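The block underneath contains the structure these notes are about, expressed in structure tokens.
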Amino acid sequence: MSDSKRDYRDTVFLPATAFPMRGELPRREPALLERWARMDLWARLRAASKGREKFVLHDGPPYANGNIHMGTALNKVLKDVINRAKQMAGYDANYVPGWDCHGLPIEWKIEEQYRAAGRDKDAVDPVAFRAECRAYAEHWLGVQREEFIRLGVAGDWWHPYSTMDFRSEAIIAGEIGKFLLNGSLYRGAKPVLWSPVEKTALADAEVEYHDHKSTTVWVKFPIVSAPAPDLVQASIVIWTTTPWTIPGNRAVAYGEDIDYALVVVEGVAEGASACIGEHLLVALPLWPEVEKTIGVTQHVVRRVLKGRELAGTVCVHPLKGKGYDFDVPALPGDFVTTEAGTGFVHIAPGHGEDDWQLGQAHGLPTPDTVGGDGLFLPHVPLFAGVHVYKAADPVCAALAESGALLARGTLVHAYPHSWRSKAPLIFRNTPQWFIAMDGPKGVRTPALAAIEATRFVPAQGQNRLRAMIASRPDWCISRQRAWGVPIAIFVDRRTGEPLRDPEVMARTVAIFETEGSDAWWTRPAQDFLGNDYNAEDYEQIRDIVEVWFESGSTHAFVLEGNDALKWPADLYLEGSDQHRGWFQSSLLEACGTRGRAPYDAILTHGFVVDEQGRKMSKSLGNTVAPQEVIAEYGADILRLWVMASDYTEDLRIGKEILKQQAELYRRIRNTLRWLLGALDAFDEAERVPVAEMPELERWVLHRLAELDGRVREATETFEWTGVFAELHGFCATDLSAFYFDIRKDALYCDRADSPRRRACRTVLDHVFRCLVTWLAPVLVFTAEEAWLARFPGEDESVHLQTFPAIPPAWRDEALAARWARIREIRRVVTGALERERAEGRIGASLQAAPLLVMPEADRSLLDAEGWAEICITSAMALDPSAHQRLEAQKNGFSIDAIPGVFVLPGKAAGLKCERCWKVLPEVGSHADHPGLCDRCHDAVTSGVLARRAA
RNA sequence: GGGCUGGUAGCUCAGCUGGUCAGAGCACACGCUUGAUAAGCGUGGGGUCGCAGGUUCAAAUCCUGCCCGGCCCA
């Protein structure tokens, strides 16, 4: 008999699918991209969602310069997932991507090309220069577009916005006009961070901090009048790291609560500049350090006084008698500390933010001492024509000659540098255009109110933005460059007042709209001024607007008045650095012109760091490029990485992490593959009503209902952290290791018309539809591949689906609790089987038929057949005799954490059914099929066998 | 230096209104299966919850300081 065994393999319903186990994503993804382009999926999506409630995520424009990096990829993937989820949740989620095209970095690139070619940039016509910048931006816009598309990001890629579109330029100029007309734009002079190399003011975002070696000086300011007589013969000692600002000095600052020592010098080291008998004023806690530095060997502290006792004190400039013959008042400054230096800060109102504000508060002049090229201006005594970077020696020499220099040294410290030229920056007093934060038209108050009305995800972002807006100075929007939108206004030469005429503004905007802002350079001024003004009476402003103002205006030229979108946006979504950048500039721009934020909610994500949590940098060599990840693993893996991370914090990436994502992906892919195989040739007629399903099936439906709630909640709140982990856990733990494993027997071996098998297939159909649509926003390629494997067709796409509507009745908490307990008990059984296996008594679990002893309360959970089914054993014995119970409690297998459950091993009685491999007593009882059990005999002889049984 | 923020198994994350809270998945090891097979199932090892103090009967969970990292600012 054994040699004539029949092979029943072809009578079993084995999974059948063309969906391959291996993704080969780098090869397959491009084919799907082609398919979507061919069927114009984007247009179909827009058509399909016409009339639905709109969801608008307004794209923060990346800078059109260079290939995308991981941070850009992360940002776009997150946006895409959120948009797609909203779309599939039933919204009309139109996404119009954009680019930031003006600005210094591009201008700098073109200048580099000029330098390389030996051409002088200043000799080139600005319009020709701008044309080259435009072409450069155009190129990178195209490159990045392809890279974003390759990432699987869905959007209106062929109708994007850019800040250099003529219409954008026109509206940006018009937005500046709004500030001009409402009176909040003013021309002022204040110190701004200035690059003597690029000869321009820089925005905060254009500044990098690097170590810089500075000359430090300790300088005496002799007191000439003071409230206390003993101070008059003393000198205030200041310390500064920027000796070149001494010519700009107009005050010294003290801290009101700081203790200052009035010191009499009684002994000095050789070569020290301090003189025996002289009186110095230094912060008490800093004196020991200062004493050493300036070479004082013996001293007496005459007395200690609080800073506020210095009120009214007046010094002279240390270079008095050499052209610096003015009083230098001592003023209180809350920025003065005793952390370093002398406890006194020298104040040059033209060379620092604190300095300038203190000067404003006390009516000090703000001298212009340094030109745009970094040279002292001709009127500056002693130093005219000297470059500030080379001023340390002459300044020190002059101070020493005056006897004011107590010591000099060097200090390496973080110092602002230009992000392009890497050259150190200076604070320089320059005329600039500002938007007022305070005053009648100030933007601070409405901006703070708008922050309160905005939802922040995560919530901490609100504090951060609020603190920044509350403390920021007026917004300097002017730049002395060429590649940008001009601040298209005129200033009356006689009065110095800017011309505020809505008609001139409107004319300018109209011209820009048709010709671009090049017109500001190509057309005569009279064309903008019209007939009411004479161009000769007006100065045409040649500054351009800083790029943050441009991107801060995107809401005006992208959202406003656009029927396909809406104003304000539902969401702005950027990295957390944009609290200082786009979130802020957009807020200020919109609050100044429209009185509210251009967004209802802000989502911030963290930064991409390496596997050790360090920032990525080329010098560290720890960068991971999205292009590399796509080439090696595919875009879906990259997208998976984003969604498996907690993106509200920094995201780590590296070799090992990517490998892990690939593993997670594999599990999901195989789950889909098995589903497809199990659903092969699924027929609607197979469906079974929920009420007729076994509890196991209803438990799966309950899980679907739970997950559906999770996905929909994340769709609304944008809080996706953990959702993917749950979906993966569902695939791995609930489906693969539990439900699938148990139901393989029924699926493979039951008659096609068995209620159990039909119920299973009904549920698998739901699982497939849910899982594939839930995964579709993240695994855009794989979900599509799986969908098409089941529903092929030219017009088919998972991305045209919505999340399945889950009947509320699927939720059954009581049943879920019961099944949680069942799985707990099952763990005891699998543990017992493992011990049997280890000792060689069984291999497959179907060889076992253990005895299960449970607490009374658990006996109604399942019957013996049910327990055997879910434990995948051939049989299970319940209802033990008293003797057996005792034996189980004594020698049976148990788990401490699951008290009262004992499993006594036992081998299944009978022979192994050749078809279903269960070991059953009846095997051998059917003469026509002696190798089969009753169930398989029925299946084989019923005529409703697997389609494969020919 | 300041503001915001984080540091739980090799990795990704739960737990953090203080008391079965030391967990999950992945990786790893071992075993099983060979009808999801370059797959699947089971079992197991692994963490002084950044460090040090403090509050409390009790702290990963609250407070303070320190160390390390990130963003922004100086």
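Owing to the predicted nature of the structure, the values given are computational and were not obtained by experimental measurement. So you know, we letter chains A, B, ... as the sequences are listed, proteins then strands, and number each from 1.
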For this session: Determine the contact category for A:T733: base if any of its heavy atoms lies under 4.0 Å from a base atom, sugar-phosphate if only primed atoms, P, OP1 or OP2 are that close, otherwise nothing.
Result: sugar-phosphate
For this session: Under a 3.5 Å limit for both distances, which nucleotide forms a Watson-Crick or G-U wobble pair with B:G1, could you say?
Result: B:C73
Exercise. Taking the side chain as C-beta and beyond, is there a heavy-atom pair between A:C731 and A:S736 under 4.5 Å?
Worked result: no
Exercise. B:C13 pairs with which nucleotide, Watson-Crick or G-U wobble, both distances below 3.5 Å?
Worked result: B:G23
For this session: Report which part of the nucleic acid A:Q660 touches: base, sugar-phosphate, or nothing (heavy-atom distance under 4.0 Å, all strands).
Result: base
Problem set entry | Complementary nucleotide of B:G65, counting Watson-Crick and G-U pairs under 3.5 Å | B:C51
For this session: Check the distance between B:C73's P and A:W548's CH2 and give it to me in whole angstrom.
Result: 9 Å
Exercise. B:U5 and B:C41: how far apart are their C1' atoms, nearest whole angstrom?
Worked result: 43 Å
Exercise. Taking CD1 from A:I872 and C1' from B:G40, how many angstroms apart are they, rounded to a whole number?
Worked result: 10 Å
Exercise. Are OP1 or OP2 of B:G69 and a side-chain N or O of A:R614 less than 4.0 angstrom apart?
Worked result: yes
Exercise. Quick one: is the NZ or CZ of A:R703 closer than 6.0 Å to the six-membered ring centre of A:F730, and within 45° of its axis?
Worked result: no
Exercise. For A:Q584 and A:R472, does a side-chain donor sit closer than 3.5 Å to a side-chain acceptor?
Worked result: yes
Exercise. Atom CD of A:Q661 and atom C1' of B:C13: how far apart are they, to the nearest Å?
Worked result: 11 Å
Problem set entry | Selection from B:U12, B:C73, B:U5 that lies nearest to any side-chain heavy atom of A:E649 | B:U5
For this session: Applying salt bridge (charged side-chain N to carboxylate O under 4.0 Å, His left out) between A:D750 and each of A:R757, A:R756, A:K744, A:R743, report the one that passes.
Result: A:R756
For this session: Would you mind telling me which residue lines up with the more 5' stretch of RNA chain B, A:F427 or A:G461, judged by nearest nucleotide?
Result: A:G461
Exercise. Which part of the nucleic acid, if any, lies within reach of A:G729 when heavy atoms closer than 4.0 Å are counted: base, sugar-phosphate only, or nothing?
Worked result: nothing
For this session: Rounded to whole angstrom, note down the P distance from B:G6 over to B:U17.
Result: 13 Å
Exercise. With rounding to whole Å, what would you report as the distance between B:A27 and B:G35 at their P atoms?
Worked result: 23 Å
For this session: Could you check how far CG of A:D650 sits from P of B:C68, rounded to whole Å?
Result: 18 Å
Exercise. For the side chain of A:R464 and the base of B:C71, is some donor closer than 3.5 Å to an acceptor across the two?
Worked result: yes
Exercise. To the nearest Å, how far apart are A:R580 CZ and B:C73 C1'?
Worked result: 6 Å
For this session: For A:A725, answer base if it contacts any base atom (sugar-phosphate contacts may also be present), sugar-phosphate if it contacts only those atoms, and nothing otherwise; contact means non-hydrogen atoms under 4.0 Å.
Result: nothing
Exercise. B:G19 and B:G10: how far apart are their P atoms, nearest whole angstrom?
Worked result: 26 Å
For this session: Count the heavy atoms belonging to other residues, nucleotides or ligands that lie under 6.0 Å from CZ of A:R841, then report whether that count exceeds 12.
Result: yes
Problem set entry | Nucleic acid footprint by protein, nucleotides 30-37 of chain B - heavy-atom cut-off 4.0 Å, B for base, S for sugar-phosphate alone | -SSSSBBS
For this session: Answer with yes or no after comparing the ring centroid distance for A:F740 and A:W674 against a 6.0 Å cut-off, counting only values under it.
Result: yes
For this session: Using atom types as modelled and distance alone, determine if a side-chain donor or acceptor of A:R428 lies under 3.5 Å from a backbone N or O of A:W194.
Result: no
Exercise. Sequence neighbours excluded, which residues qualify as salt bridge (charged side-chain N to carboxylate O under 4.0 Å, His left out) partners of A:D650?
Worked result: none
Exercise. Quick one: are A:F718 and A:L573 in side-chain contact, heavy atoms under 4.5 Å?
Worked result: no
Problem set entry | Under 3.5 Å on both distances, the Watson-Crick or G-U partner of B:G18 | none
Problem set entry | Between B:A9 and B:A24 - P atom distance, rounded Å | 14 Å
For this session: Take atom C1' in B:U64 and the same atom in B:A59, then report the distance between them in whole Å.
Result: 15 Å
Seminar exercise, completed: A:L465 atom CG is separated from B:C4 atom P, nearest whole Å, by 14 Å
Seminar exercise, completed: To the nearest angstrom, the OH-P distance between A:Y665 and B:A38 comes to 16 Å
Exercise. Taking atom P in both B:U12 and B:U8, what distance in whole Å separates the two?
Worked result: 9 Å
For this session: Find the distance A:E836:CD to B:U43:C1' and express it as a whole number of Å.
Result: 14 Å
For this session: Give A:H728 one of three labels, base, sugar-phosphate or nothing, depending on what nucleic acid heavy atoms sit under 4.0 Å from its own.
Result: sugar-phosphate
Problem set entry | Geometric cation-pi criterion, A:R669 with A:F19: 6.0 Å, 45° | yes
Exercise. B:C21 and B:C26: how far apart are their P atoms, nearest whole angstrom?
Worked result: 22 Å
Problem set entry | Watson-Crick or G-U wobble mate for B:A29, both contacts under 3.5 Å | B:U43
Exercise. In terms of the nearest nucleotide of RNA chain B, which residue is placed more toward the 5' end: A:S645 or A:M468?
Worked result: A:S645
